[in-house]
Amino acid sequence: MARLEYIKKQYPRTRRVHGNWYLSSYQYKFNVKRINQCLEHLRMGELVGLKCRSCNTVSFPPRLICPKCLKMPDQWIHLRETATVATFSGTYAKESGDTEIRPYPVVAIRQDGADTTWLANLPEGFDFFKVYVGMPLKIKWAEDKKGDFSDIEYYEPIEDPSIEMNKKEEAEN
Amino acid sequence: MDKVGIVGYYQVKPETDIQMSRPEMIFYATRGALDYAGLKRDDLSTVISATNDYYDGKTISNCFTVDAGGAYLKDESKVEMDGAHAVNYGLMRCLSGHHKLALVWGASQPSTFYYGCVRVLENDPTFDRPINLLNDYTAAALGMRAYMNKFGVSVEDIAKVGVKNHKNAAKNPLAWNEAQLPGITVEDVLNSEMLSDPVTKLMHAMPCDGATALILAPEELAKKIIDDPVWITGVGLCQETYYLGDRDLSTSISMEKASQHAYKMAGINDPRKDIDVVELFEHSAYEELILAEALGLCEKGKGANLSSEINGEIPINPSGGAIGAFTPCAIGITRLVEAVKQIRGEANGYQVKDANRAIAHGQIGFCAQNNIVFILEGGKK
Amino acid sequence: MKGEILTTKGAVRAEFDFWVGLYLDKFLEGLEQKKFIGNKCSKCGKVYIPPRKICGDCFEHIEEYVDLPETGVLTNFTFTKWAISERRPRQSKNIKMIGLVKLDGADSAMLLPILETEPENLKIGMKVQVVWSEKPQGQPSDIKGFKPIGGA
């Protein structure tokens, strides 16, 4: 409280002038040509990642530039449909029509065979408290494929054999 | 001072609406510079970028271009000014002894936003912006009229600078296509669209997309990387007040001071004799005359009489200058690159004979508020 | 090559309210009473308008306020049909005249609109006089502009 009074005494408030930073016409460019191959494969229900020839890093979704080598990766390689949860978080939100605020999972997914992760969806209404790091997932493809990343409707959790093994180990100990 | 050499450079061809995403454009510039010097990305120790949040439409614009700029896991920093200021930053880092190879790049895509908007946002927000009268067109017009009025220079004299730069640009394959006008006349310049009286479109540097990169190395290392690197032997920088109403727009005191500092550092006594070629960043044609005068290349008000063609006494902007291709942020680096090309004899088609010492210049702000001057030298003399 | 570039529109919008500071506040207060207030550096004697806190030349605090007259000299001008817009390049129907006006007794000039004349009549060194807006509110827009004395 005392501090506030001090500020008032030292710095009398003056008039204000309004200003804004308004750039509504900004157009961000993205060169689709470089990832067309990936989009074509998505339309066919296949997954491809980009592999850098010099450091063997595979990126999915494909990245245009390999930061380590400063080269443009140009080798397309096929990836499996399975993936794992690399890390996750939750956000609390209220959907329209809902009365309660519920936690929703936000999941970074690493496609098997790729080295990079991306944020994708789990099935609608999936319980946030059931997500864990290393959870195995499988792609659920969209009905009509349009040739973009919305063709991957969501990632479906699949049976995890490691849970049973962990349980066995715990029981033995 | 210890010498720092320029060992590699690359310029992406400027275009009106470049068909590349921003990181891609930057990648070609940085990769090109590394390839020129025959280096790997791992050899770099620091990366300095010249970008502007307003030009890129996102805050902290360099965080998005780390991969393309070659800065992954490197000591990276950004200058939100002209590219020439980024070169100065890289130079200081090299001279500090803590860094070896510095990659400096600048890039922007004015096709993705309205450049005039950014200049309006440059104004003093409490007085000039609510009144809303100042942008790059009107600022250039005020400067040009002040110069013409003080020294009795005619519009034709200034239009001639536009003619010269457009003609030079036609010889430079890396100039902006729309600025390459080999058959242009003074009448064409005067009859082109009026931006703000007396500045016409062909007298003004119109922004276009582009990226430029260059690599700096300390003396010993530079000699190992390439034969005959071009050395930075002097640098000077000076800032003037923001308020146009306080300044004498008919001359450039900040350029005078910056150049004197650079001359002293490089040991130049008579720039008229010692300098072989000049690369200026002129936002508008009249600025080239003011800046040349401030550099001491001629008397005040006599800039128009200077023989500044490619085969003239002191060639100014043989590459076409900013009128030839104005790529915001990259432009200052492009000026250095063009000077390096002249010294190394790589300016195919617009080569100045026996160029060994050059001036490269960058600026920022309304009516060249802030100027930075580099003296570049080859090893021929 | 066309058609391979995907563009997404981005809306960048930030609103600001700038506190103008004590010095410009005094100036705006003056405008509300249709009066120009500048300030004078005690060291070099330069008179600034709008008032500044610091004299750039001497790097000294300026404390002395001075009243300035409503008349001045046009030191520089331009006119353009391009609207000075933050959104997109566009041309307006009316040609806008812009001038640097140095008030009598001041050492700095203000960039303001020039009114009630034609572009051909503008001359460097001509005497001009302020045109106030009808209801000054203590905003920079209280100065509608300057017009030539004698209605040239």
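Here is the naming used below: chain letters follow the sequence lines, and residue numbers restart at 1 for every chain.
Only the side chain of B:Arg41 comes within contact range of chain A, judged by heavy atoms closer than 4.5 Å. Only the backbone of B:Pro125 has a heavy atom closer than 4.5 Å to any heavy atom of chain A. Within the 4.5 angstrom heavy-atom criterion, only side-chain atoms of A:Leu64, from C-beta onward, approach chain B. For a residue to count as touching a neighbouring chain, one of its non-hydrogen atoms must lie under 4.5 Å from one of that chain's; by this rule A:Arg34 touches chain B with the side chain only. Of the atoms belonging to B:Ile18, heavy atoms from both backbone and side chain fall under 4.5 Å from chain A. Heavy atoms of B:Asp35 lying under 4.5 Å from chain A are absent altogether.
Between A:Tyr26 and A:Tyr28, the distance separating the two ring centers is shorter than 6.0 angstrom. Centroid-to-centroid, the aromatic rings of B:Phe326 and B:His204 stay 6.0 Å apart or farther. Checked against the 6.0 Å centroid threshold, B:Phe113 and B:Tyr55 count as a close aromatic pair.
The aromatic rings of B:Tyr36 and B:Tyr9 lie tilted to each other, with the angle between the two planes from 30° to 60°.
Donor-acceptor pairing under 3.5 Å is lacking for the side chains of A:Lys68 and A:Ser54. Of the N and O atoms on the side chains of B:Thr46 and B:Lys100, not one donor lies less than 3.5 Å from an acceptor on the other residue.
Of the listed residues (B:Thr126, B:Asp56, B:Leu73), the one with the most heavy-atom contacts under 4.5 Å to chain A is B:Asp56.
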